[in-house]
J.: 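Starting off with a structure, shown below.
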Amino acid sequence: MDLSPHLPSSGRALVVAAAVVDDLRTPTRLLAARRTGPSVLAGGWELPGGKVELDETPLEALHRELREELGVVVEVGPPVDGPLPGRSWLLGERYEMLVWLAVVVEGEPAAIEDHDEVRWLGAGHLFDVAWLPADLPIVERLEARFGAS
Ligand code: C5P
């Protein structure tokens with residue numbers, strides 16, 4: 001697996017997130033997490049993740065964020081490619097985000113930090129929550145991977 005940093009050339013800061021699913025090959029459920037802040041994003045649902053720190057690779061950041069925010073250890077699967085160079089997704093003006101599929105290998109996802117609720121969405125219910133605007137096209141891209149539930 002490639003652990004080298006994927007630094008954006010755009011000047012935007014890099015964020016990483018996971019599409020946590022029940023099965024990497026044939027997912028039937030996707031994990032959504034509801035943000036508690038900042039106020040403009042609070043109440044919005046996202047793919048869990050966060051900013052990459054200077055001293056870590058994107059995948060190290062992904063593992064750290066999922067451990068801190070949800071209390072889980074994950075196995076990371078294939079990337080969910082975005083339209084930007086480097087296959088990232090645009091998050092407003094200031095950030096761009098790399099996304100991977102992931103499955104939980106240890107722990108049960110819980111809203112420990114930065115969220116107040118986590119929810120598993122079945123294949124026919126991927127849009128039952130109010131996704132953050134930046135995450136919506138990513139979930140639309142993910143939908144094609146889901147089988148009927
Ligand atoms: O989670 P954190 O605050 O570190 O993420 C940085 C920014 O990335 C957030 O302010 C939010 O705008 C954006 N973000 C997002 N969707 C995600 C994760 C982060 O839009 N799934």
Side-chain angles (χ1 to χ4, degrees), residues 2-3 5-24 27-105 107-123 125-146:
D2 180 14
L3 290 173
H6 298 65
L7 292 177
S9 55
S10 56
R12 288 185 288 265
L14 190 58
V15 170
V16 290
V20 179
V21 292
D22 56 339
D23 188 283
L24 289 176
T28 67
R29 295 195 305 165
L30 173 68
L31 191 75
R34 190 169 62 187
R35 288 187 71 109
T36 52
S39 53
V40 286
L41 301 179
W45 293 78
E46 68 173 10
L47 303 172
K51 297 183 201 74
V52 179
E53 306 288 347
L54 282 177
D55 63 347
E56 62 188 1
T57 66
L59 285 175
E60 285 171 347
L62 188 68
H63 285 286
R64 175 183 53 72
E65 290 283 354
L66 295 174
R67 192 176 60 243
E68 290 173 359
E69 293 186 352
L70 305 177
V72 293
V73 177
V74 295
E75 177 190 334
V76 175
V80 182
D81 288 345
L84 296 180
R87 299 174 184 171
S88 60
W89 297 83
L90 186 62
L91 299 184
E93 295 291 307
R94 292 167 56 201
Y95 301 104
E96 60 187 76
M97 184 161 81
L98 290 169
V99 181
W100 287 266
L101 288 178
V103 286
V104 175
V105 294
E108 191 62 39
I112 294 172
E113 210 176 88
D114 299 342
H115 303 106
D116 61 2
E117 192 180 338
V118 294
R119 194 183 293 177
W120 287 103
L121 303 171
H125 298 272
L126 295 181
F127 302 97
D128 281 9
V129 298
W131 290 103
L132 293 181
D135 289 45
L136 197 52
I138 308 171
V139 179
E140 285 167 356
R141 172 71 60 86
L142 284 166
E143 191 183 16
R145 294 177 184 252
F146 276 72

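Owing to the predicted nature of the structure, the values given are computational and were not obtained by experimental measurement. Just so you know, ligand 1 is whichever comes first in the structure, and atom 1 is the first atom listed for that ligand.
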J.: Tell me, which protein residue and heavy-atom name are nearest atom 8 (O) of ligand 1, and how many Å apart are they?
T.: Leu91 CD1, 3.4 Å
J.: Evaluate Asp135 for polar contact with ligand 1, using N/O atom pairs at a separation under 3.5 Å.
T.: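 There is such a contact, yes.
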J.: Heavy atoms, side chains only, cut-off 4.5 Å: are Val104 and Pro109 in contact?
T.: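 A side-chain contact exists here, since the closest heavy-atom pair is under 4.5 Å.
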J.: Does Arg35 have a heavy atom less than 4.0 Å from any atom of ligand 1?
T.: yes
J.: Using a 4.0 Å heavy-atom threshold (strictly under), name the region of Asp114 that reaches ligand 1: side chain, backbone, both or neither.
T.: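 For Asp114, there is no contact with ligand 1 at all, from either part.
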J.: Side chain, backbone, both or neither: which part of Glu113 comes within less than 4.0 Å of ligand 1 when only heavy atoms are counted?
T.: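 Contact part for Glu113 vs ligand 1: neither.
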J.: Donor-acceptor pair, Ser88 side chain versus Met97 backbone, under 3.5 Å?
T.: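 Not at all, since once roles are kept as given, no pair shorter than 3.5 Å links the two residues.
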J.: If you measure every N or O of Glu69 against every N or O of ligand 1, does any of those distances drop under 3.5 Å?
T.: no
J.: In terms of atom number and element, which parts of ligand 1 are under 4.0 angstrom from non-hydrogen atoms of Leu132?
T.: 15 (C), 16 (N), 20 (O)
J.: Is there side-chain contact between Glu46 and Leu41, with at least one heavy-atom pair below 4.5 Å?
T.: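 Of all side-chain heavy-atom pairs linking Leu41 with Glu46, none is under 4.5 Å.
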J.: Please list, in number order, the atoms of ligand 1 under 4.0 Å from a heavy atom of Leu47.
T.: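 Result: 17 (C), 21 (N).
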J.: For Glu60 and Arg64: C-alpha separation, side-chain torsions, deciding distance, then whether salt bridge (charged side-chain N to carboxylate O under 4.0 Å, His left out) applies.
T.: CA-CA 6 Å; Glu60 285 171 347; Arg64 175 183 53 72; over 6 Å; no
J.: With a cutoff of 4.0 Å, is Met97 in contact with ligand 1, counting heavy atoms of the residue only?
T.: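 Yes, that is the case, since the closest heavy atom of the residue is under 4.0 Å from the ligand.
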J.: Looking at Gly49, which atoms of ligand 1 are within less than 4.0 Å of one of its heavy atoms?
T.: 1 (O)
J.: Within the distance-only criterion (no hydrogens, no angle test), does the side chain of Trp89 pair as donor or acceptor with the backbone N or O of Val80 below 3.5 angstrom?
T.: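 Judged by distance alone, yes, a pair lies under 3.5 Å.
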J.: Is any side-chain heavy atom of Arg12 less than 4.5 Å from a side-chain heavy atom of Leu84?
T.: yes
J.: Quick one: does any side-chain atom of Asp135 pair with a main-chain N or O of Leu47 as donor and acceptor, under 3.5 Å?
T.: yes
J.: Would you call Leu101 and Arg145 a side-chain contact if the rule is heavy atoms closer than 4.5 Å?
T.: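 SC-SC contact between Leu101 and Arg145 confirmed.
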J.: Could you list which atoms of ligand 1 come closer than 4.0 Å to a heavy atom of Leu41?
T.: 9 (C), 10 (O), 11 (C), 12 (O)
J.: Which residue holds the protein heavy atom closest to atom 18 (C) of ligand 1, what is that atom called, and what is the gap in Å?
T.: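 I find the closest protein heavy atom is Glu46 OE1, 3.2 Å.
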